[in-house]
Every structure is written in C-alpha cells, then in structure tokens.
Amino acid sequence: MIAESVAAETVTRHLGAVLGIDPAAIDPGAVLVALPGAESLRLMESLVRIEDELGVELIGQDEQLLLVRTVGDLVGLVVRTGAPA
C-alpha cells in the first residue's frame, strides 16, 4: 500500500514538472484539466511518470480514470491501486 502523503508528493511533483508549475502551488481540489498547461498528452506523461516511480498501473484503470477529476482524486486512485504493477 502506498501512503497518501507519498502519493500526494509524487503526483504533485510530476504534475509540476510536466506542466511547468510549482508543485507547492497545486491544490488537491484543483481540477486536473484546469491546471496551467494541462493538455491530454501532458497529463498522460504525468501518469506514466507516476506509474514508473511508484510501480502502479493507472492507465489500465480505464473505469477508475474516468472518475478522476481533481488532483486529490488522482492521489486517491494511486493509493487505492497501491499494488505493484
């Protein structure tokens, strides 16, 4: 199981790096597609980086990904997925 604090730090760090924004400025309630610089390919790149670092499978979770709207939702999915891919 991945701790929520680890998931949150990893998600915001990769979103920040890919989107070119300060990870500290990313609020858990922020809508992913409303983040500055958010485009579908950049968000996918973030997911791949998160998967690689934490050893989880997010992209294969199609039904769950459709429910992800906010940064906090993505963190929750990472925590729930938690088992290594």
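Sorted pairs that involve residues 22-43 and meet salt bridge (charged side-chain N to carboxylate O under 4.0 Å, His left out), not counting sequence neighbours, are lacking altogether. The salt bridge (charged side-chain N to carboxylate O under 4.0 Å, His left out) analysis of residues 62-77, with sequence neighbours excluded, yields no pairs.
When side chains are defined from C-beta on, V56 does not count as touching L77, because their heavy atoms never get closer than 4.5 Å. Residues L32 and L15 are in side-chain contact: their nearest non-hydrogen atoms beyond the backbone lie under 4.5 Å apart.
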Less than 3.5 Å apart, which donor and acceptor atoms pair up between the side chains of residues 47-54 and the rest of the protein, not counting sequence neighbours?
unit_1: R49; atom_1: NE; unit_2: E45; atom_2: OE2; d: 3.3
unit_1: R49; atom_1: NH2; unit_2: E45; atom_2: OE2; d: 2.9
unit_1: E51; atom_1: OE2; unit_2: L58; atom_2: N; d: 2.6
unit_1: E51; atom_1: OE2; unit_2: I59; atom_2: N; d: 2.8
unit_1: E53; atom_1: OE1; unit_2: R13; atom_2: NH1; d: 3.0
unit_1: E53; atom_1: OE1; unit_2: R13; atom_2: NH2; d: 3.2
unit_1: E53; atom_1: OE1; unit_2: H14; atom_2: NE2; d: 2.6
unit_1: E53; atom_1: OE2; unit_2: R13; atom_2: NH2; d: 2.6

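Annotation for V75 and A7: closest pair CG1-CB, 3.9 Å, computed over non-hydrogen atoms. In terms of heavy-atom proximity, G16 sits nearest to P23 at CA-CG, 4.3 Å. The shortest non-hydrogen separation linking L19 to P36 is CB-O, 3.6 Å.
Within the model, atoms OG1 of T81 and CE of M1 stand 10.0 Å from one another, a figure rounded to the nearest 0.5 Å.
Atom CG of L41 has 12 or fewer heavy atoms from other residues, nucleotides or ligands within 6.0 Å.
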Could you please spell out the steps behind the side chain to side chain contact (heavy atoms under 4.5 Å, CB included) verdict for V71 and L35?
CA-CA 10 Å; V71 174; L35 291 171; 4.2 Å; yes

Checking I26 against V11 for the side chain to side chain contact (heavy atoms under 4.5 Å, CB included) test, could you report, in this order, the C-alpha distance in whole Å, the side-chain angles of both residues, the deciding distance, and whether it holds?
CA-CA 10 Å; I26 300 175; V11 166; over 6 Å; no

